[in-house]
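Labels below follow one simple rule: chain letters A, B, ... track the order of the sequence lines, proteins then strands, and each chain is numbered from 1. Since the structure is predicted, the reported quantities are computational estimates derived from the model, not experimental observations.
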Amino acid sequence: MTLLEFARGPALQWSTIILVLGLILRIAGAWLLAHDKDYSRPRVDAAWRGGLRAVFSRFWPHQPFVRQTWFHILAGYVLHVGLFVVVFLYAPHIAFIRDLTGLNWPGLPANLVLFVGALTAASLVAFFVRRLVHPVMRTISTLDDYLSNLITLAPLVTGILAYAHFGGRYETLLAIHLLSVSLLFVWIPLSKLAHVITFIPSRFQLGAWLGRRGVKA
Amino acid sequence: MAVDEKDFQMFREGTQQLASMAPPSTMPDERRVEVAKTTMLAKLTADMAFELESCVHCGQCAEACHFYQATHDAKYTPIRKLDLLKRVYRREQAPLRWLHRLYTPDVTIDDLHEWQELVYDSCTECGRCFMVCPMGINIAAMVNVNRQAFANAELMPAELRALEMEQGSGYSLFGMGPEQVEGFLTHLRDSGVNVRMNESGVDYLLLTSVVEIMIFRDALLATIRVLEHLGLSWTIHCEGYEAANFGMLSGVEAVQKVAGDRVVRAVKASGAKTVLVPECGHAYPSLRWDQANLDARGQDFEVLTVSEFLGREVEAGRLKLRPIGKGKKVTFHDPCKLGRHSGVFHEPRVVLEALGVDFREVESSQELNWCCGGGAGVFLLNRASGLRQGAWTIKQQQLDATGADSVVLSCASCRLNFMNGARAAHWDKGIESLVELAAAQLAD
Ligand code: SF4
Ligand code: SF4
């Protein structure tokens, strides 16, 4: 089995299994803790509406916070939208997913995706540097934060190198790219990157808690 | 309607003595660590677990916190205040605890000592940080879990320990118990105020507080005047008159329940359908949201805070107020526990509108209002005075930007903190009570 065959085959399969099972474990493990029934009289019924609202409204901060958190808004949007574009709108990725699932959709021009990929990588570097220099971020950062940053950066960098055929044989570069994706898949459920899914119940509970008190989250 | 300077001064001096009144704790250190951890684990819910699982360590919560903003010291970053809770969760309850244990240090007695300042002195549980957090992490609620853990480990600040022990044992506060309160009310009645005491078959049970009796008597008199003006049937009941709950503020749930149960007994004895909470921030959520859960059954009475009650009566057309006029420029401070924690935003504004004043909303208002820095018992902590004053400076700037001549409040704790802050900063704007303003303008 060549490195590429390994990366494409067992590595990706197993890391995907770990990704899915790991995230289920993270969610189920938290879910199994106590769910306290709230006996107080709600100010507003149907608190779940507040929860649902918060899941979406927290994609953008309240106006008075915009100026103070501009870095996070800018770098955060570039990072998250950028990852979406690179993962789901790059033609070879779409083809890869089509071969696995039969689903298909149109992609964006490769040059544009490359540009977005570079911007996305830059946002991660910016986050990394800010983590090192900003007193608040430096104080609360853990190894998880730095590793999560680098492990997210890896597929972007290896992807760009593979696209550019830079630094080695194309097959080897592609294999390294796929292995870095596998590493990311394994890392997500083990780290703070699990927020890709836990952000939903987390935002929901605050929105619902405030919602039943008549406060908009 | 002015507060008697002498009363205020005496109260301030009294609070400075509180720490010396707390009996020293003799709990051994290992036991403290064990008790703190056990409490944290017992209090962690699924919701909190999702929150702790979701933090991305972005640090944006610091932007919302008055204590960080006042000091720019990263140790006051809100999420850092939960560090011990997070470590206990990660090591003992998290789905990946087998992994986390390898690199997450256990909580030590030194940690508990270090974090005491973070969960008491530098957090008013105001909740402004949960308004900015992209993950919706309710840091305020989890700081309260920390306080419960610290309280059980007998590691709360001495001032709060003195008060919760006093309230838990004999229902007195600041040396004033049921007998003295009854004496004060009788004296009021003898001097011509229509105080209704220990009546039954009434609609409203009015609570007061020792702080109101000691310093803000005008607010109590104003509330009574409004109730009488509206011709409502009401009573103050000596079985349960105290709104303040130092069990809640210190984190001693048993005392919180004892104090809440007294009010519930007074509700039963009076037959009231509605409990009227005076101008006191934390008293409202304690009774409105927590008490039913401490009882583990629903409440068959309604809880209203006085600003909420006034607003409803005005809206229903039952309470008519004579307009003061636009010459009076006021702004309003939403107490965190009534506003952000309880949704009382609309009603006080209805009252201000009925008063016809030139009302100026602060920037970043209502759900996003800045805390004054004195809530959750922080006002009483001697060693927190520097932090508090720093936080109050932010509040002062926010108020000044409105151009108002006075700020209207509906919480006695905020009022005390504003008076203190204003005095230290030589701030000369007015600090007024909403119910006092309304009661002075009752129209026939
Ligand atoms: S803002 Fe929320 S996600 Fe960010 S560090 Fe604070 S608690 Fe964590
Ligand atoms: S609840 Fe208020 S005081 Fe406490 S950390 Fe959050 S913003 Fe700061």
Check your understanding: A:Arg213 side chain to B:Val344 main-chain N or O, any donor-acceptor pair under 3.5 Å?
Key -> no

Check your understanding: Can you tell if the side chain of B:Val56 reaches within under 4.5 Å of the side chain of A:Phe127, non-hydrogen atoms only?
Key -> no

Point to revise | Short side-chain to backbone donor-acceptor contact, A:His62 and B:Leu368, under 3.5 Å | key: no

Practice item. Check each atom of B:Tyr76 against the heavy atoms of chain A and say whether the ones under 4.5 Å are side chain, backbone, both or neither. Key: neither

Point to revise | Part of A:Ile27 lying under 4.5 Å from any heavy atom of chain B | key: both

Review point. Side chain, backbone, both or neither: which part of B:Arg97 has an atom under 4.5 Å from a heavy atom of chain A?
Key: neither

Check your understanding: Which of the residues A:Gly29, A:Gly207, A:Gly214, A:Ser202 is involved in the greatest number of heavy-atom pairs with chain B at under 4.5 angstrom?
Key -> A:Ser202

Check your understanding: Is there side-chain contact between A:Asp38 and B:Asn293, with at least one heavy-atom pair below 4.5 Å?
Key -> yes

Check your understanding: With only heavy atoms counted, which part of A:Ala54 is less than 4.5 Å from chain B, the side chain, the backbone, both or neither?
Key -> neither

Check your understanding: For B:Thr77, is it the side chain, the backbone, both, or neither that has a heavy atom closer than 4.5 Å to a heavy atom of chain A?
Key -> side chain

**Study point:** Minimal non-hydrogen separation, A:Val215 against B:Gly339, with atom names
**Key:** CG2-O, 3.6 Å

Exercise for review: Sort A:Arg131 into side chain, backbone, both or neither according to what part of it lies under 4.5 angstrom from a heavy atom of chain B.
Suggested key: side chain

**Study point:** Exercise: identify the closest heavy-atom pair between B:His57 and A:Met137
**Key:** O-CE, 3.9 Å

Practice item. Look up atom CG in A:Leu32 and atom CD in B:Gln93, then write down how far apart they are to the nearest 0.5 Å. Key: 11.0 Å

Study note, to complete from the structure: Of A:Pro64, A:Ala28, A:Pro201, A:Ser57, the largest count of non-hydrogen pairs under 4.5 angstrom with chain B goes to A:Pro201

Check your understanding: Which answer fits A:Lys37, side chain, backbone, both or neither, if we ask what part of it has an atom under 4.5 Å from a heavy atom of chain B?
Key -> backbone

Point to revise | Heavy-atom contact with chain A under 4.5 Å, split by part of B:His341 | key: both

Check your understanding: By a 4.5 Å heavy-atom criterion (distance strictly below it), what part of B:Cys55 contacts chain A: side chain, backbone, both, or neither?
Key -> backbone

Review point. What part of B:Glu367 is in contact with chain A, defined as an atom under 4.5 angstrom from a non-hydrogen atom: side chain, backbone, both or neither?
Key: side chain

Practice item. For the residue pair B:Gln69 and A:Gln68, establish whether any side-chain heavy-atom pair is separated by less than 4.5 Å. Key: yes

Check your understanding: So, A:Ser40 side chain and B:Ala292 main chain: donor-acceptor pair closer than 3.5 Å or not?
Key -> no

Review point. Do B:Asp47 and A:Phe204 come close enough that some side-chain heavy atom pair is under 4.5 Å?
Key: no

Exercise for review: Identify which part of A:Trp209 has an atom lying under 4.5 Å from any heavy atom of chain B, answering side chain, backbone, both or neither.
Suggested key: side chain

Point to revise | Contacting moiety of B:Ala64, where chain A heavy atoms sit under 4.5 Å | key: both

Check your understanding: So which of A:Thr69, A:Val136, A:Val55 has the largest heavy-atom pair count under 4.5 angstrom toward chain B?
Key -> A:Val136

Check your understanding: Does any heavy atom of chain B fall under 4.5 Å from the side chain of A:Leu190, the backbone, both, or neither of them?
Key -> both

Practice item. Answer yes or no: is there a side-chain heavy-atom contact under 4.5 Å between A:Arg58 and B:Met135? Key: no

Review point. Is there side-chain contact between A:Arg26 and B:Leu96, with heavy atoms separated by less than 4.5 Å?
Key: yes

Point to revise | Option in A:Trp31, A:Phe65, A:Phe71, A:Phe59 with maximal non-hydrogen atom pairs under 4.5 Å from chain B | key: A:Phe65

Exercise for review: With the side chain counted from C-beta on, respond yes when A:Arg43 and B:Trp289 share a heavy-atom pair under 4.5 Å apart, and no when they do not.
Suggested key: yes

Practice item. To the nearest 0.5 Å, tell me how far B:Arg80 CZ sits from A:Ile140 CD1. Key: 10.0 Å

Revision key, fill the gap. Pair count under 4.5 Å, heavy atoms only, with chain B: among A:Val196, A:Thr139, A:Leu193, A:Asp145, highest is A:Asp145

Exercise for review: Could you grab the distance from atom CH2 of A:Trp70 to atom CD of B:Glu63, nearest 0.5 Å is fine?
Suggested key: 11.5 Å

Check your understanding: Which atoms of A:Leu210 come close to chain B, meaning under 4.5 Å heavy atom to heavy atom: side chain ones, backbone ones, both, or neither?
Key -> side chain

**Study point:** chain B contact via A:Phe199 - side chain, backbone, both or neither, heavy atoms under 4.5 Å
**Key:** both

**Study point:** Region of B:Glu363 in contact with chain A, defined by heavy-atom distances below 4.5 Å
**Key:** neither

